[in-house]
Engineer: 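Have a look at this one before I ask anything.
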Protein chains: 2
Amino acid sequence: MISARLHYASLALIELALRQGKPAPVAVREISELHGIPAPFLVQILRTLRGKGWVRSVRGSQGGYRLAVDPAQLTLLEIADAVGCSESSCQTESNETVANGQLHEVWGAAVQASRDVLAETTLADIASKCSPSEAVMFYI
Amino acid sequence: MISARLHYASLALIELALRQGKPAPVAVREISELHGIPAPFLVQILRTLRGKGWVRSVRGSQGGYRLAVDPAQLTLLEIADAVGCSESSCQTESNETVANGQLHEVWGAAVQASRDVLAETTLADIASKCSPSEAVMFYI
DNA sequence: ACTATAGTTGACTATTTGGATCATGTTTCT
DNA sequence: AGAAACATGATCCAAATAGTCAACTATAGT
(Lines give C-alpha, C1' and ligand atoms only; values in the text may rest on other atoms or scores of the structure.)
Protein backbone atom coordinates (compact mmCIF):
# COMPACT_ATOMS: atom_id res chain seq x y z
CA MET A 1 0.00 0.00 0.00
CA ILE A 2 2.91 2.37 0.65
CA SER A 3 5.05 2.24 -2.46
CA ALA A 4 8.83 2.14 -2.48
CA ARG A 5 8.71 5.30 -4.57
CA LEU A 6 7.02 7.21 -1.77
CA HIS A 7 9.39 5.83 0.84
CA TYR A 8 12.47 6.68 -1.22
CA ALA A 9 11.18 10.12 -2.15
CA SER A 10 10.56 10.90 1.49
CA LEU A 11 13.99 9.68 2.54
CA ALA A 12 15.64 11.83 -0.10
CA LEU A 13 13.69 14.91 0.87
CA ILE A 14 14.48 14.40 4.54
CA GLU A 15 18.15 14.10 3.73
CA LEU A 16 18.02 17.36 1.78
CA ALA A 17 16.06 19.04 4.56
CA LEU A 18 18.74 18.13 7.07
CA ARG A 19 21.37 19.89 4.97
CA GLN A 20 19.44 22.98 4.05
CA GLY A 21 21.92 25.42 5.55
CA LYS A 22 24.90 23.94 3.82
CA PRO A 23 26.40 25.65 0.76
CA ALA A 24 27.20 22.56 -1.31
CA PRO A 25 24.36 20.56 -2.92
CA VAL A 26 23.99 16.86 -2.20
CA ALA A 27 24.93 14.34 -4.89
CA VAL A 28 22.53 11.61 -5.92
CA ARG A 29 25.18 9.03 -5.22
CA GLU A 30 25.53 10.21 -1.65
CA ILE A 31 21.82 9.96 -0.91
CA SER A 32 21.69 6.63 -2.65
CA GLU A 33 24.47 5.18 -0.50
CA LEU A 34 23.32 6.71 2.76
CA HIS A 35 19.85 5.25 2.48
CA GLY A 36 20.37 2.16 0.39
CA ILE A 37 18.34 3.38 -2.57
CA PRO A 38 19.17 2.10 -6.09
CA ALA A 39 20.83 5.13 -7.69
CA PRO A 40 19.18 5.05 -11.14
CA PHE A 41 15.81 4.66 -9.49
CA LEU A 42 16.51 7.58 -7.20
CA VAL A 43 17.37 9.74 -10.19
CA GLN A 44 13.98 8.98 -11.65
CA ILE A 45 12.28 9.95 -8.42
CA LEU A 46 14.26 13.15 -8.02
CA ARG A 47 13.18 14.17 -11.48
CA THR A 48 9.59 14.04 -10.32
CA LEU A 49 10.36 16.09 -7.24
CA ARG A 50 12.17 18.62 -9.39
CA GLY A 51 9.12 18.87 -11.60
CA LYS A 52 7.07 19.81 -8.55
CA GLY A 53 9.58 22.51 -7.70
CA TRP A 54 10.47 20.97 -4.37
CA VAL A 55 14.13 20.49 -5.18
CA ARG A 56 16.58 22.35 -7.37
CA SER A 57 19.40 20.65 -9.21
CA VAL A 58 22.92 21.92 -9.80
CA ARG A 59 24.66 20.37 -12.77
CA GLY A 60 28.29 19.73 -13.41
CA SER A 61 31.09 18.80 -11.07
CA GLN A 62 30.28 19.37 -7.40
CA GLY A 63 26.66 19.40 -8.46
CA GLY A 64 23.73 17.78 -6.76
CA TYR A 65 20.36 18.56 -5.29
CA ARG A 66 19.12 21.13 -2.85
CA LEU A 67 15.76 21.55 -1.13
CA ALA A 68 13.81 24.45 -2.61
CA VAL A 69 10.87 24.68 -0.21
CA ASP A 70 10.16 25.10 3.48
CA PRO A 71 10.14 21.62 5.04
CA ALA A 72 7.42 22.76 7.42
CA GLN A 73 5.11 23.39 4.47
CA LEU A 74 5.54 20.05 2.73
CA THR A 75 3.43 17.15 3.96
CA LEU A 76 3.86 13.47 3.31
CA LEU A 77 0.48 13.48 1.62
CA GLU A 78 1.68 15.93 -0.99
CA ILE A 79 4.69 13.75 -1.63
CA ALA A 80 2.50 10.68 -1.92
CA ASP A 81 0.25 12.34 -4.45
CA ALA A 82 3.24 13.59 -6.40
CA VAL A 83 4.90 10.22 -6.82
CA GLY A 84 1.56 8.72 -7.74
CA CYS A 85 0.77 6.41 -4.83
CA SER A 86 -2.66 6.24 -6.47
CA GLU A 87 -4.96 6.56 -3.48
CA SER A 88 -8.21 6.11 -5.35
CA SER A 89 -10.45 4.08 -3.09
CA CYS A 90 -11.98 1.61 -5.52
CA GLN A 91 -12.35 1.77 -9.27
CA THR A 92 -14.55 -1.24 -9.84
CA GLU A 93 -17.86 -0.44 -11.41
CA SER A 94 -20.45 -2.87 -10.12
CA ASN A 95 -24.16 -2.36 -10.58
CA GLU A 96 -25.49 0.74 -8.90
CA THR A 97 -27.20 -0.98 -6.00
CA VAL A 98 -27.71 0.48 -2.57
CA ALA A 99 -25.15 -1.93 -1.16
CA ASN A 100 -22.63 -0.76 -3.72
CA GLY A 101 -23.11 2.84 -2.67
CA GLN A 102 -22.92 2.07 1.03
CA LEU A 103 -19.68 0.17 0.57
CA HIS A 104 -18.09 2.93 -1.45
CA GLU A 105 -18.81 5.31 1.37
CA VAL A 106 -16.85 3.13 3.74
CA TRP A 107 -13.97 2.62 1.29
CA GLY A 108 -13.80 6.35 0.84
CA ALA A 109 -13.74 6.94 4.56
CA ALA A 110 -10.96 4.40 5.02
CA VAL A 111 -8.79 5.97 2.37
CA GLN A 112 -9.48 9.42 3.74
CA ALA A 113 -8.42 8.31 7.21
CA SER A 114 -4.99 7.29 5.99
CA ARG A 115 -4.66 10.44 3.92
CA ASP A 116 -5.42 12.49 7.00
CA VAL A 117 -2.54 10.87 8.84
CA LEU A 118 -0.14 11.67 6.02
CA ALA A 119 -1.48 15.21 5.77
CA GLU A 120 -0.68 15.84 9.41
CA THR A 121 3.00 15.08 9.08
CA THR A 122 5.40 17.55 7.50
CA LEU A 123 8.92 17.03 6.32
CA ALA A 124 10.10 19.26 9.14
CA ASP A 125 8.39 17.06 11.72
CA ILE A 126 10.41 14.07 10.66
CA ALA A 127 13.65 15.91 10.02
CA SER A 128 13.60 17.39 13.49
CA LYS A 129 13.58 13.91 14.99
CA CYS A 130 16.56 12.88 12.91
CA SER A 131 18.84 15.88 13.40
CA PRO A 132 21.10 14.68 16.19
CA SER A 133 22.36 11.48 14.64
CA GLU A 134 22.24 12.07 10.93
CA ALA A 135 24.24 13.98 8.41
CA VAL A 136 23.74 17.28 10.18
CA MET A 137 26.78 16.46 12.24
CA PHE A 138 29.09 17.25 9.35
CA TYR A 139 28.39 20.94 9.19
CA ILE A 140 29.05 22.28 12.64
CA MET B 1 -5.87 0.39 -2.50
CA ILE B 2 -9.28 -1.24 -2.05
CA SER B 3 -9.19 -4.34 -4.23
CA ALA B 4 -12.05 -5.54 -6.37
CA ARG B 5 -11.84 -8.79 -4.45
CA LEU B 6 -12.73 -7.05 -1.21
CA HIS B 7 -15.52 -5.09 -2.83
CA TYR B 8 -17.02 -8.20 -4.45
CA ALA B 9 -16.67 -10.29 -1.31
CA SER B 10 -18.48 -7.64 0.69
CA LEU B 11 -21.27 -7.34 -1.84
CA ALA B 12 -21.79 -11.08 -1.83
CA LEU B 13 -21.84 -11.29 1.94
CA ILE B 14 -24.31 -8.42 2.16
CA GLU B 15 -26.57 -10.15 -0.32
CA LEU B 16 -26.45 -13.33 1.75
CA ALA B 17 -27.05 -11.38 4.93
CA LEU B 18 -30.18 -9.84 3.47
CA ARG B 19 -31.59 -13.30 2.81
CA GLN B 20 -30.64 -15.00 6.02
CA GLY B 21 -34.16 -15.99 6.99
CA LYS B 22 -34.97 -17.55 3.69
CA PRO B 23 -34.99 -21.36 3.31
CA ALA B 24 -33.42 -21.64 -0.15
CA PRO B 25 -29.71 -20.90 -0.62
CA VAL B 26 -28.61 -18.24 -3.11
CA ALA B 27 -26.99 -19.32 -6.38
CA VAL B 28 -23.68 -17.85 -7.50
CA ARG B 29 -25.25 -16.85 -10.77
CA GLU B 30 -27.88 -14.82 -9.00
CA ILE B 31 -25.41 -12.85 -6.93
CA SER B 32 -23.24 -12.40 -9.98
CA GLU B 33 -26.08 -10.91 -12.02
CA LEU B 34 -27.53 -8.79 -9.24
CA HIS B 35 -24.25 -7.04 -8.56
CA GLY B 36 -22.46 -7.24 -11.87
CA ILE B 37 -19.67 -9.50 -10.65
CA PRO B 38 -17.92 -11.85 -13.13
CA ALA B 39 -19.28 -15.25 -12.13
CA PRO B 40 -16.09 -17.34 -12.27
CA PHE B 41 -14.32 -14.70 -10.22
CA LEU B 42 -17.09 -14.70 -7.67
CA VAL B 43 -16.81 -18.46 -7.32
CA GLN B 44 -13.17 -18.07 -6.46
CA ILE B 45 -13.97 -15.47 -3.83
CA LEU B 46 -16.78 -17.51 -2.31
CA ARG B 47 -14.41 -20.39 -1.91
CA THR B 48 -12.22 -18.22 0.29
CA LEU B 49 -15.20 -17.14 2.36
CA ARG B 50 -16.23 -20.75 2.71
CA GLY B 51 -12.74 -21.58 3.95
CA LYS B 52 -13.18 -19.00 6.69
CA GLY B 53 -16.47 -20.59 7.69
CA TRP B 54 -18.48 -17.47 6.95
CA VAL B 55 -20.66 -19.09 4.30
CA ARG B 56 -21.90 -22.61 3.75
CA SER B 57 -22.43 -24.11 0.31
CA VAL B 58 -25.15 -26.46 -0.81
CA ARG B 59 -24.29 -28.52 -3.86
CA GLY B 60 -26.48 -29.90 -6.57
CA SER B 61 -29.56 -28.53 -8.19
CA GLN B 62 -31.28 -25.77 -6.17
CA GLY B 63 -27.94 -25.38 -4.43
CA GLY B 64 -26.17 -22.17 -3.57
CA TYR B 65 -24.68 -20.27 -0.67
CA ARG B 66 -25.95 -19.30 2.71
CA LEU B 67 -24.50 -17.04 5.41
CA ALA B 68 -23.16 -19.04 8.34
CA VAL B 69 -22.32 -16.29 10.82
CA ASP B 70 -23.95 -13.39 12.61
CA PRO B 71 -23.65 -10.32 10.35
CA ALA B 72 -23.26 -8.15 13.43
CA GLN B 73 -20.07 -9.99 14.35
CA LEU B 74 -18.33 -9.76 10.99
CA THR B 75 -16.42 -6.56 10.21
CA LEU B 76 -15.18 -5.29 6.89
CA LEU B 77 -11.66 -5.48 8.26
CA GLU B 78 -11.95 -9.22 8.78
CA ILE B 79 -13.19 -9.60 5.24
CA ALA B 80 -10.34 -7.50 3.93
CA ASP B 81 -7.76 -9.59 5.74
CA ALA B 82 -9.41 -12.78 4.53
CA VAL B 83 -9.34 -11.91 0.85
CA GLY B 84 -5.76 -10.76 1.21
CA CYS B 85 -5.95 -7.03 0.65
CA SER B 86 -2.33 -7.13 1.86
CA GLU B 87 -2.27 -4.20 4.25
CA SER B 88 1.41 -4.37 5.11
CA SER B 89 2.55 -0.77 5.29
CA CYS B 90 5.88 -0.89 3.46
CA GLN B 91 8.13 -3.82 2.68
CA THR B 92 11.16 -1.98 1.33
CA GLU B 93 14.31 -2.56 3.29
CA SER B 94 16.39 0.58 3.21
CA ASN B 95 19.33 1.17 5.51
CA GLU B 96 18.38 1.31 9.14
CA THR B 97 18.66 5.05 9.59
CA VAL B 98 16.68 7.17 12.00
CA ALA B 99 14.77 8.68 9.12
CA ASN B 100 13.84 5.25 7.92
CA GLY B 101 12.43 4.34 11.29
CA GLN B 102 10.51 7.58 11.64
CA LEU B 103 8.93 7.15 8.25
CA HIS B 104 7.87 3.61 8.94
CA GLU B 105 6.09 4.83 12.03
CA VAL B 106 4.03 7.18 9.93
CA TRP B 107 3.31 4.58 7.26
CA GLY B 108 2.16 2.23 9.98
CA ALA B 109 -0.09 4.88 11.50
CA ALA B 110 -1.64 5.63 8.13
CA VAL B 111 -2.42 2.00 7.45
CA GLN B 112 -3.77 1.56 10.96
CA ALA B 113 -6.09 4.53 10.52
CA SER B 114 -7.77 2.96 7.53
CA ARG B 115 -7.94 -0.40 9.25
CA ASP B 116 -9.70 1.25 12.17
CA VAL B 117 -12.39 2.56 9.88
CA LEU B 118 -12.99 -0.88 8.41
CA ALA B 119 -13.00 -2.45 11.86
CA GLU B 120 -15.81 -0.18 12.94
CA THR B 121 -18.24 -1.31 10.27
CA THR B 122 -20.01 -4.66 10.45
CA LEU B 123 -21.89 -6.50 7.79
CA ALA B 124 -25.09 -5.86 9.71
CA ASP B 125 -24.45 -2.11 9.65
CA ILE B 126 -24.45 -2.06 5.88
CA ALA B 127 -27.17 -4.63 5.39
CA SER B 128 -29.54 -2.66 7.58
CA LYS B 129 -29.19 0.33 5.28
CA CYS B 130 -29.99 -1.76 2.24
CA SER B 131 -32.97 -3.73 3.49
CA PRO B 132 -35.85 -1.66 2.14
CA SER B 133 -34.90 -1.61 -1.51
CA GLU B 134 -32.94 -4.78 -2.06
CA ALA B 135 -33.71 -8.44 -2.42
CA VAL B 136 -35.40 -8.63 0.96
CA MET B 137 -38.57 -7.58 -0.78
CA PHE B 138 -38.97 -11.02 -2.30
CA TYR B 139 -39.59 -12.88 0.92
CA ILE B 140 -42.43 -11.10 2.62
C1' DA C 1 41.23 23.07 -24.01
C1' DC C 2 40.82 18.57 -21.48
C1' DT C 3 38.95 15.65 -18.33
C1' DA C 4 36.42 14.01 -14.55
C1' DT C 5 32.22 14.61 -12.28
C1' DA C 6 27.39 14.91 -12.05
C1' DG C 7 22.78 15.82 -13.55
C1' DT C 8 19.21 15.06 -17.92
C1' DT C 9 16.52 12.46 -20.72
C1' DG C 10 13.94 8.92 -22.63
C1' DA C 11 13.36 4.47 -23.59
C1' DC C 12 13.47 0.00 -21.97
C1' DT C 13 13.08 -4.52 -19.12
C1' DA C 14 11.47 -7.38 -15.56
C1' DT C 15 8.81 -8.89 -11.73
C1' DT C 16 4.72 -8.94 -9.23
C1' DT C 17 -0.05 -8.66 -8.37
C1' DG C 18 -4.74 -8.36 -9.21
C1' DG C 19 -8.37 -9.55 -12.16
C1' DA C 20 -10.47 -12.87 -14.79
C1' DT C 21 -11.31 -17.35 -17.31
C1' DC C 22 -11.53 -22.44 -18.50
C1' DA C 23 -12.06 -27.23 -18.28
C1' DT C 24 -13.30 -30.79 -15.75
C1' DG C 25 -15.22 -33.16 -11.90
C1' DT C 26 -18.86 -34.02 -8.35
C1' DT C 27 -23.25 -33.61 -6.10
C1' DT C 28 -28.23 -33.36 -5.95
C1' DC C 29 -32.90 -32.71 -7.65
C1' DT C 30 -36.49 -34.06 -10.93
C1' DA D 1 -30.58 -40.09 -17.19
C1' DG D 2 -30.14 -35.35 -17.47
C1' DA D 3 -30.00 -30.71 -15.94
C1' DA D 4 -28.56 -27.49 -12.50
C1' DA D 5 -25.22 -25.93 -9.48
C1' DC D 6 -21.06 -26.03 -6.68
C1' DA D 7 -15.66 -27.64 -6.45
C1' DT D 8 -11.11 -27.51 -7.90
C1' DG D 9 -6.93 -26.53 -10.07
C1' DA D 10 -4.61 -24.68 -13.71
C1' DT D 11 -3.96 -20.94 -16.49
C1' DC D 12 -3.86 -16.47 -18.70
C1' DC D 13 -3.78 -11.43 -19.28
C1' DA D 14 -3.00 -6.66 -18.23
C1' DA D 15 -1.47 -3.07 -15.52
C1' DA D 16 1.46 -1.17 -12.21
C1' DT D 17 5.76 -1.12 -9.77
C1' DA D 18 10.51 -1.56 -9.42
C1' DG D 19 14.60 -1.13 -11.46
C1' DT D 20 18.08 -0.46 -15.51
C1' DC D 21 20.76 1.53 -19.56
C1' DA D 22 22.90 4.45 -22.74
C1' DA D 23 23.75 8.70 -24.80
C1' DC D 24 23.81 13.53 -23.79
C1' DT D 25 24.81 18.09 -21.55
C1' DA D 26 26.73 21.17 -18.21
C1' DT D 27 30.25 22.65 -14.76
C1' DA D 28 34.66 22.77 -12.08
C1' DG D 29 39.32 22.24 -11.79
C1' DT D 30 43.61 21.71 -13.97
Side-chain angles (χ1 to χ4, degrees), chain A residues 1-12 16 23-33 35-51 54-68 80 82-94 107, chain B residues 1-12 16 23-33 35-52 55-66 68 80 82-94:
Chain A
M1 180 219 164
I2 300 290
S3 67
R5 261 192 165 76
L6 171 55
H7 188 63
Y8 292 158
S10 305
L11 281 174
L16 293 181
V26 189
V28 169
R29 178 143 162 267
E30 198 173 351
I31 304 177
S32 146
E33 286 175 357
H35 294 99
I37 306 171
F41 193 23
L42 180 57
V43 166
Q44 186 180 302
I45 293 168
L46 282 168
R47 210 194 320 179
T48 313
L49 301 181
R50 184 166 153 280
W54 294 335
V55 302
R56 264 199 299 270
S57 61
V58 181
R59 298 172 71 144
S61 186
Q62 316 309 325
Y65 283 87
R66 205 173 293 162
L67 196 63
V83 301
C85 189
S86 59
E87 289 271 15
S88 66
S89 52
C90 180
Q91 65 274 36
T92 58
E93 29 176 279
S94 326
W107 306 151
Chain B
M1 178 219 164
I2 300 290
S3 65
R5 261 190 164 77
L6 171 55
H7 188 63
Y8 292 158
S10 306
L11 282 175
L16 294 182
V26 188
V28 170
R29 177 140 163 269
E30 197 174 350
I31 304 178
S32 146
E33 286 176 356
H35 294 98
I37 306 172
F41 193 23
L42 180 57
V43 167
Q44 186 179 303
I45 293 168
L46 283 169
R47 208 190 327 172
T48 312
L49 302 182
R50 184 166 153 279
K52 297 292 289 188
V55 302
R56 264 199 298 269
S57 62
V58 180
R59 297 174 71 145
S61 185
Q62 315 307 326
Y65 284 86
R66 202 173 294 163
V83 300
C85 188
S86 58
E87 288 272 14
S88 65
S89 53
C90 180
Q91 66 274 36
T92 58
E93 30 176 280
S94 325

Engineer: Taking OP1 and OP2 of C:dT9, is either one under 4.0 Å from a side-chain nitrogen or oxygen of A:R50?
Structural biologist: yes
Engineer: Minimum heavy-atom separation for A:T48 to A:A82, with atom names?
Structural biologist: CG2-O, 3.8 Å
Engineer: Could you tell me how far apart A:I45 (CD1) and C:dT8 (P) are, to the nearest whole angstrom?
Structural biologist: 14 Å
Engineer: Please set out all donor-acceptor pairs under 3.5 angstrom arising from side-chain atoms of residues 54-61 of chain A, sequence neighbours excluded.
Structural biologist:
from: A:S57; atom 1: OG; to: A:R50; atom 2: NE; distance (Å): 3.2

Engineer: Send over the distance from A:E33 CD to C:dA6 P, rounded to a whole Å.
Structural biologist: 11 Å
Engineer: Find the distance A:Y65:OH to D:dA26:P and express it as a whole number of Å.
Structural biologist: 15 Å
Engineer: Can you tell me which nucleotide in C:dT8, C:dG7, C:dA20 comes closest to the side chain of A:V28?
Structural biologist: C:dG7
Engineer: Quick one: is C:dG18 close enough that its OP1 or OP2 comes under 4.0 Å of any side-chain N or O from B:Y8?
Structural biologist: no
Engineer: Between C:dT17 atom P and B:I2 atom CD1, what is the distance in whole Å?
Structural biologist: 18 Å
Engineer: What's B:G60 touching, base or sugar-phosphate or nothing? Going by heavy atoms closer than 4.0 Å.
Structural biologist: base
Engineer: Mind calculating the distance between CD (B:E30) and P (D:dA4) to the nearest angstrom?
Structural biologist: 15 Å
Engineer: Please report, rounded to the nearest Å, how far the P atom of C:dA6 is from the CG atom of A:L42.
Structural biologist: 14 Å
Engineer: Can you measure from CG (B:L42) to CD (B:E30) and round to the nearest 0.5 angstrom?
Structural biologist: 11.5 Å
Engineer: Mapping B:A27 and A:A39 to their closest nucleotides on DNA chain D, which lands nearer the 5' end?
Structural biologist: B:A27
Engineer: Mind listing the N/O atom pairs, protein and nucleotides 9-12 of chain D, below 3.5 Å?
Structural biologist:
from: D:dG9; atom 1: N7; to: B:R47; atom 2: NH2; distance (Å): 3.2

Engineer: Can you see which heavy atom on A:A24 is nearest to which on A:R66, and at what distance?
Structural biologist: C-NH2, 4.3 Å
Engineer: For B:S61 and for A:P38, find the nucleotide of DNA chain D with the closest heavy atom, then tell me which residue's nucleotide is more 5'.
Structural biologist: B:S61
Engineer: Give me the atom names and distance for the closest heavy-atom approach of B:L46 to B:A12.
Structural biologist: CD2-CB, 4.4 Å
Engineer: Among the candidates D:dA5, D:dA18, C:dG7, find the nucleotide nearest to the side-chain atoms of B:R29.
Structural biologist: D:dA5
Engineer: Report the residues that fulfil side chain to side chain donor-acceptor pair (under 3.5 Å) with B:Q44, sequence neighbours left out, ordered by chain and then residue number.
Structural biologist: none
Engineer: Looking for any heavy atom pair under 4.0 Å, which part of the strands does B:V43 touch: base, sugar-phosphate only, or nothing?
Structural biologist: base
Engineer: Could a donor-acceptor pair under 3.5 angstrom be found where the side chain of B:R59 meets the base of C:dT26?
Structural biologist: yes
Engineer: Measure CG/A:L16 against P/C:dG7 and give the value in whole Å, please.
Structural biologist: 11 Å
Engineer: Among the candidates D:dG19, C:dT21, C:dG7, find the nucleotide nearest to the side-chain atoms of A:F41.
Structural biologist: D:dG19
Engineer: Just to confirm, is there a sub-4.0 Å distance from OP1 or OP2 of C:dT8 to any side-chain nitrogen or oxygen of A:S57?
Structural biologist: yes
Engineer: Nearest to the A:S3 side chain among D:dA18, C:dT21, C:dG19, which nucleotide is it?
Structural biologist: D:dA18
Engineer: Rounding to an integer number of Å, can you tell me how far A:M1 CE sits from D:dA18 C1'?
Structural biologist: 18 Å
Engineer: On a heavy-atom basis, which atom in B:L16 and which in B:Y65 lie closest, and how many Å separate them?
Structural biologist: CD2-O, 3.6 Å
Engineer: So, the side chain of A:S32 versus the backbone of A:I37: is there a donor-acceptor pair under 3.5 Å, distance only?
Structural biologist: yes
